[in-house]
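These notes concern the structure reproduced below.
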Number of protein chains: 2
Amino acid sequence: MIKLEALRVFVTVAESGNIKDAADAVGRTASAVSMTLKQLEDEIGGPLFQTDRKNSLTALGNLMLDLGREQIRSFDKSVSIMRAFAHSRIGSLSIATVPSVAANVLPPILQRFLETRPQVQVELFDIDSAQVRRMVESGVADIGIAGDSRAGGGVEFSSLFSDRFQLLCREDHDLCRLERPIEWSDLSGATLIRNGASDRIEAEEHKRLSAQSLITVYNVTSLIALVKAGLGLTILPSLTMHGAHDGVAVLELADTSASRQVGLVERRDVPPSPIAAAFRAFALREIPALVAERLGRRKDQ
Amino acid sequence: MIKLEALRVFVTVAESGNIKDAADAVGRTASAVSMTLKQLEDEIGGPLFQTDRKNSLTALGNLMLDLGREQIRSFDKSVSIMRAFAHSRIGSLSIATVPSVAANVLPPILQRFLETRPQVQVELFDIDSAQVRRMVESGVADIGIAGDSRAGGGVEFSSLFSDRFQLLCREDHDLCRLERPIEWSDLSGATLIRNGASDRIEAEEHKRLSAQSLITVYNVTSLIALVKAGLGLTILPSLTMHGAHDGVAVLELADTSASRQVGLVERRDVPPSPIAAAFRAFALREIPALVAERLGRRKDQ
DNA sequence: TCACCAACTTCAATTCTTCTGAAATTGGTA
DNA sequence: TACCAATTTCAGAAGAATTGAAGTTGGTGA
């Protein structure tokens, strides 16, 4: 059986024009090279050089030089692609994430992640938590970042950070004058606008308040516009409304248990691609630190 | 260093879905296959299968399956091309030959030669002996077939057959009535038309006759037309005018030494390509036999 | 939940391949 | 004709791959 290694030796000899130099180039003795060449000629079925001074090729030798070079080039390239992929320097990464993370967390993370991986292709979807889970489960996204857990079905949840809920109201609202964290009881007379995120708050007091609410808005921009217009208050995770909005105030809640967990959503039982694995490790290390800095808190909890 | 053989094993396992069947397929034990796979994973830098039951590939495994298959296919194809070339089943063959051989000898020879080599490309040039030698010497033709030898310069001559000179005259010429081989002296009063081939006849008597000749014609068709028109006689190698021409008679010469040697012309010091070598051997074996039959003579001399 | 079974992996011994260094051969050159 | 450097040959050494047996592992059915 002809080996690629034998072709490598032959090409080196053909290029050197003699065995001695070729032997040095491949790190073997001249006798090893000579034997390899002989074996190659036997297996191919004809002489490769015109004389035993290896300075001129036969027609067969020329053909083998061309084909051999091409094979070596192509093989080495394939191997380097395989290695690059294994080491997550190439490939594609599809990330599904909730908008607040996409807007406030991912930009610097992705930038740093891709700095050392200029060949990696990234797709980013921002959608709600339920759809993040669905995209990961179906394999459309390699990895997701979403709030909440209840790790069910085919996905697994790994917490990255916790995001406290805060109260959003007009700057001229009475509550702004309290100058202390807001108790649920402070909200008893207020008009609450429900949203997709606030429904996850477990506190009984909030559930009661929420039940009386007549408006539910899922889009954050619309939600803030309604608050600004004076239609009511709303409760959102801190990261969601990161960055001040003119005319609205952000107030802390006294109930510090009112928070959502944000974390990685991954498919269970299906190993991640090398890039996805690398991104996972990077995210677990970098996102908590970044969020702690952004929100001015201890990381996680 | 990653070996193509390891990729072969991997592809087989990936296609079988388990090690045992793959081991049977490649003719090794399961443990050998397992070790090869492990080594491959180490060298590539990542796992290829999702579990140690080898029925589902990782993303890396899928990539390697694609690239590996392609490499194997391409390598095997290259090797088969090299072998086919070495065994003269493919390649191209450029033959330069004098017209009489091209017309009377080569057709059946080439047909039989190519019967078992349907992929071989042939180029055929018919030119005069001097140009045959020039084309071979310059490498434009791989092999030549020409009369005469005087093997000089960079070419070598190997005789294939000898071709007796014969006399060509009008059917109504006086010489036709002799009913015996023609002596040089029979031609003393005749008008001789010289041609490229007849100049090589060594006999003194012919040289004298030839010196008196006023017309020289190199093209055989024109030559015969002139003879037919009654402008004179001419002396040509038997093969050149093989096949009767209406209105002209072909007469034997008594001087049996008047003949030309026809043989292979090859470049000296440059080994022939495998196809050229194969054609050489075929020609040396088949052409003398064919000519003997055609001209009704013993082969060579 | 446990025990079994088949697939896979590990390990040490063996076999096969390739490599080395010395000696012989070859082909070109003074 | 004799020399010299390159190449080839050869036998032993080193290295790589393979084997068979023993040990793990993970899935399956009682």
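What you are looking at is a predicted structure, and each value in this text was computed from that prediction instead of being measured. Letters A, B, ... mirror the listed sequences (proteins, then strands); counts begin at 1.
The pair Glu5(B)-Arg8(B) counts as a salt bridge, with a side-chain nitrogen and a carboxylate oxygen less than 4.0 angstrom apart. Ion pair Arg73(A)/Glu70(A) flagged as a salt bridge, since at least one NZ, NE, NH1 or NH2 atom sits closer than 4.0 Å to an Asp/Glu carboxylate oxygen.
Base contact: Arg53(A) has a heavy atom under 4.0 Å from a base atom.
For the OP1/OP2 pair of dT9(C) and a distance below 4.0 Å, the side-chain nitrogens and oxygens of Lys54(B) include at least one atom meeting the criterion.
Comparing Thr29(A) and Ala30(B), the nucleotide of DNA chain C nearest to each residue sits closer to the 5' end for Ala30(B).
In this structure, Phe49(A) atom CZ and dG27(C) atom P are separated by 16 Å, rounded to whole Å. Regarding Lys20(A), its NZ atom lies at a distance of 9 Å from the P atom of dT7(D), rounded to whole Å. In this entry the distance linking CG of Leu37(A) with P of dT18(C) reads 14 Å, nearest Å. Following rounding to the nearest Å, Asp269(A) (CG) and dG26(D) (C1') show an atom-to-atom distance of 14 Å. Straight-line distance from the CE atom of Met35(A) to the C1' atom of dT9(D): 7 Å, rounded to whole Å. The nearest whole Å value for the distance from the CD atom in Glu5(A) to the C1' atom in dT17(C) is 14 Å. If you take CD of Gln50(B) and C1' of dG26(D), they are 15 Å apart, rounded to a whole angstrom. Note: CG (Asn18(B)) to C1' (dG26(D)) measures 15 Å, nearest angstrom.
Checking dT9(C), dA17(D), dT7(D) against the side-chain heavy atoms of Lys3(B) singles out dA17(D) as nearest.
Taking only distance into account, the side chain of Ser31(B) meets the base of dG20(D) through a donor-acceptor pair shorter than 3.5 Å.
At a threshold of 4.5 Å between non-hydrogen side-chain atoms, the residues Leu106(A) and Ile145(A) count as touching.
Residue-environment remark: CD (Gln121(A)) stays at or below the threshold of 12 foreign heavy atoms within 6.0 Å.
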